[in-house]
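Nothing here was measured: the structure is a model prediction, and the numbers come from that model.
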Amino acid sequence: MTKSSLLHAGLILCTLTLTPIAVSESNADEYSDAVIAYAKGDYQTALKLYESTAANKDPLSAAKAQYSIGRLYLHGQGVEKNLEEAFGWTLKAARNEYALAQDTVGNMYARGIGRPMDGEEAYKWFLKAAEQGYAKSQYKLGFMYADGLVVQQDLTAAYEWFKKSARQGFAEAMYSLAVAYDNGQGVKSDPAKAARWYQEAAHKNIADAQYELSVLLRKGRGLEQNIVDAYSWAEIAGQNGADGSAELKEELAKKMTSTQISDAESKALEWIASH
């Protein structure tokens with residue numbers, strides 16, 4: 001598998017849009033001032049304060065500031081945009097064991113941002129973040145093992161990483177874990193557990209999970225059959241762009257009364273309005 005395979009569309013779902021970080025106890029006032037300056041759009045002041053905090057002897061405080069400086073260079077805020085500098089500062093934060101930075105370095109290697117694309121390095125940094133419990137990196141590792149990207153395909157390893165991520169509430173991992181249980185990929189097939197995780201992902205607005213939940217409700221597989229709820233989830237999935245939703249609704253409508261269809265559509269509209 002080539003290093004460029006990490007550009008597979010399904011792997012990196014998270015963009016490099018970096019957000020301000022919570023204030024650490026050490027050097028808190030200075031870091032807080034930097035965050036406030038950043039929020040006001042005073043990026044040059046924020047940069048000076050981040051640079052001061054980055055020299056802090058406390059590794060976590062320094063790492064958060066280093067990561068923030070990397071963001072400024074990445075987006076050209078208060079400084080000229082410089083992807084190499086962005087990578088360098090983010091790498092410093094990653095080496096200080098900051099999981100968010102480790103995941104970002106993995107993304108940058110995967111996409112060739114500030115450094116040549118390198119799948120093995122991407123895997124290395126995703127693994128470091130995942131081992132610290134960072135859910136997004138855990139999901140990415142699961143995807144890599146599931147598809148055999150950079151590493152040898154290992155469905156059991158994929159299942160384990162998806163499970164770790166899903167248990168932390170990462171929506172895409174919830175869906176992937178449901179698929180694993182549904183199809184018996186890396187774990188024994190379990191329709192009830194598949195249904196549970198499809199439900200979890202569906203309620204987090206994952207369109208494919210909403211579609212699959214509709215299918216299970218139509219069949220009564222893993223949970224009690226309910227064609228009204230099945231139609232509702234097919235409608236919701238369709239609104240979110242899931243392929244096959246229109247055909248699924250047509251199939252369900254053949255078995256439903258006009259009252260049932262109306263009820264199902266009302267339920268779907270209420271759900272969409274509240275999400």
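- Within the 3.5 Å criterion, the main-chain N or O of D58 finds a donor-acceptor partner in the side chain of N56.
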Check the pair Y159, Y145 against ring-ring contact (aromatic ring centres under 6.0 Å, His included), reporting the backbone distance first and the verdict last.
CA-CA 9 Å; Y159 160 77; Y145 277 111; over 10 Å; no
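- A salt bridge links E251 to R218: one of the charged nitrogens lies within less than 4.0 Å of a carboxylate oxygen.
- Put simply, the side chain of Q225 never gets that close to the backbone of G220: no donor and acceptor are under 3.5 Å apart.
- Y50 and Y43 are not linked by any side-chain donor-acceptor pair at a separation below 3.5 angstrom, with hydrogens and angles left out of the test.
- Aromatic ring pairs are classed by plane angle as parallel below 30°, tilted from 30° to 60° and perpendicular above 60°; the pair W271 and W233 is perpendicular.
- Scanning both residues, A34 and A46, for their nearest heavy atoms gives O-CB, 3.6 Å.
- Note: the hydrophobic cluster containing Y109 also contains I113 (ILVMFWY, side chain heavy atoms under 4.5 Å, direct or indirect links).
- Taking hydrophobic clusters as Ile, Leu, Val, Met, Phe, Trp and Tyr residues chained together by side-chain heavy-atom distances below 4.5 Å, V179 does not share a cluster with L248.
- Across K140, K136, Q102, a single residue satisfies side-chain hydrogen bond (donor to acceptor under 3.5 Å, both in side chains) together with N107, and that is K140.
- Using a cutoff of 4.0 Å between basic side-chain nitrogens and carboxylate oxygens, K48 and E51 are not scored as salt-bridged.
- Figure legend: cation-pi geometry between R196 and Y181 absent, as NZ or CZ is not positioned both under 6.0 Å from the six-membered ring centre and within 45° of its axis.
- The backbone N or O of A130 lies less than 3.5 Å from a partner atom in the side chain of Q138, making a donor-acceptor pair.
- In terms of modelled atom types and a separation under 3.5 Å, the side chain of S232 and the main chain of A264 share a donor-acceptor contact.
- Residues E270 and K267 are not paired through a salt bridge, judged by the lack of any N-O separation under 4.0 Å between the basic side chain and the carboxylate.
- Below 30°, between 30° and 60°, or above 60°: for F170 and Y139 the angle between ring planes is between 30° and 60°, a tilted geometry.
- Ring orientation note: the planes of Y175 and Y198 are tilted relative to one another, at an angle of 30° to 60°.
- A pairwise comparison of heavy atoms in A122 and A110 identifies CB-N, 3.9 Å as the closest pair.
- Contact between A146 and Q153 at its shortest, heavy atoms only, is O-NE2, 2.8 Å.
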